[in-house]
J.: 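Structure in structure tokens, see below.
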Amino acid sequence: MSFRTILPLAIVMIAGPQLLSAIFLATSRDWRRNSALFVLGAGLSISAAIALAYVLGIGSRSAGGGSNDLLSTVVLVLIVAAMISTFLGREESEPPEWMGKLERATPRFSFRLGFLLLGVFPTDIITSVAVGAHLAGNDLPLVDAAPFVGLTLLLLALPSLAVLLLGDRAETLLPQIRDWMNDNAWVVNEAVLAFFLVLTIT
């Protein structure tokens with residue numbers, strides 16, 4: 001898979017509560033362990049979904065180039081669906097109640113959250129399965145999913161990496177970004193998704 005294909009898929013994976021949770025955890029009390037275990041949990045669930053689709057042979061190995069078409073179609077459908085969902089939910093400005101627990105999150109809770117957020121959300125499941133199907137359909141080794149998994153986890157780790165690199169400045173800046181995203185999340189998501197929609201169809 002090319003970087004041009006992987007990047008929109010990774011964006012779809014982390015858009016919404018996934019990235020917002022990463023920002024919350026990066027500003028939590030035990031942010032190093034919480035963020036690391038959040039990303040670890042996410043990595044395990046993503047990898048498990050891809051491996052399961054691959055082993056079960058979803059996307060027949062005789063499909064050949066058809067699997068490439070399937071992956072492109074999945075990318076387009078997911079982006080359009082995410083744009084519609086974001087627009088329809090634009091009036092819901094309040095974050096989910098469970099997000100209120102993130103500033104006091106424990107490492108165990110952070111791990112479970114990462115595993116469930118990236119492994120249960122319908123768009124994330126479909127995306128991970130599509131990657132596994134693409135590899136199976138083109139007789140590619142399972143390890144070829146590593147760039148997709150790695151990029152997704154890197155995006156999730158950006159808030160904690162910012163704290164690590166910028167120190168006190170990030171600890172001041174991230175809460176402001178978090179609050180701004182809470183108030184303007186649908187606008188940001190629509191702009192990002194529109195950009196990757198254009199990138200995908202051109």
Side-chain angles (χ1 to χ4, degrees), residues 1-23 25-26 35-82 110-111 113-162 164-165 189 191-202:
M1 292 183 292
S2 67
F3 182 77
R4 187 172 178 175
T5 300
I6 292 173
L7 184 57
L9 287 172
I11 291 291
V12 169
M13 290 290 287
I14 61 96
Q18 293 87 343
L19 182 58
L20 196 54
S21 295
I23 293 175
L25 291 174
S35 297
L37 287 171
F38 177 73
V39 172
L40 175 61
L44 289 176
S45 62
I46 296 169
S47 300
I50 293 173
L52 186 61
Y54 184 87
V55 170
L56 293 178
I58 298 174
S60 171
R61 293 180 183 274
S62 62
S67 182
N68 290 317
D69 295 336
L70 172 64
L71 190 62
S72 297
T73 301
V74 167
V75 172
L76 286 173
V77 169
L78 286 174
I79 291 177
V80 171
S110 301
F111 175 81
L113 181 64
F115 189 90
L116 293 175
L117 271 183
L118 278 296
V120 172
F121 265 54
T123 52
D124 289 349
I125 293 174
I126 294 171
T127 305
S128 296
V129 169
V131 171
H134 171 79
L135 298 178
N138 288 277
D139 288 316
L140 297 172
L142 185 57
V143 71
D144 281 9
F148 163 71
V149 177
L151 180 58
T152 302
L153 298 183
L154 175 62
L155 294 176
L156 280 180
L158 285 179
S160 55
L161 290 175
L164 189 63
L165 295 174
N189 286 342
V192 172
L193 290 168
F195 171 77
F196 285 106
L197 179 64
V198 172
L199 185 65
T200 302
I201 62 179
T202 55

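Please read these numbers as outputs of a predicted model, since none were measured by experiment. The first residue of the sequence shown is numbered 1, and numbering continues consecutively from there.
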J.: Let me confirm one number: the CG-CG distance from L118 to L113, rounded to the nearest 0.5 Å.
T.: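 Answer for the CG-CG pair, L118 versus L113, is 9.0 Å.
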J.: Could you grab the distance from atom CG of D144 to atom CG of N138, nearest 0.5 Å is fine?
T.: 10.0 Å
J.: When the side chains of residues 147-156 are checked against the rest of the protein, which donor-acceptor pairs come out under 3.5 Å, sequence neighbours left out?
T.:
{"unit_1": "T152", "atom_1": "OG1", "unit_2": "F148", "atom_2": "O", "d": "2.9"}

J.: Can you see which heavy atom on G132 is nearest to which on A53, and at what distance?
T.: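 Closest pair (atom of G132, atom of A53, distance): CA-CB, 4.2 Å.
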J.: Can you name the residues that form a side-chain hydrogen bond (donor to acceptor under 3.5 Å, both in side chains) with S110, not counting sequence neighbours?
T.: N34
J.: Let me check something: any side-chain donor-acceptor pairs from residues 36-46 under 3.5 Å, sequence neighbours excluded? List them with distances.
T.:
{"unit_1": "S45", "atom_1": "OG", "unit_2": "G41", "atom_2": "O", "d": "3.4"}
{"unit_1": "S45", "atom_1": "OG", "unit_2": "A42", "atom_2": "O", "d": "3.0"}
{"unit_1": "S45", "atom_1": "OG", "unit_2": "F115", "atom_2": "O", "d": "3.1"}

J.: Only one of I126, I50, I6 clears side-chain contact (heavy atoms from CB on, under 4.5 Å) with V131; which?
T.: I50
J.: Just how far is it from atom CD of Q18 to atom CG of L116, taken to the nearest 0.5 Å?
T.: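 The CG atom of L116 is 11.5 Å from CD of Q18, to the nearest 0.5 Å.
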J.: Which value, rounded to the nearest 0.5 Å, describes the distance between S21 atom OG and I14 atom CD1?
T.: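 So the OG of S21 and the CD1 of I14 are separated by 11.0 Å.
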J.: Report yes if the side chains of L161 and S35 come closer than 4.5 Å at any heavy-atom pair, otherwise no.
T.: no
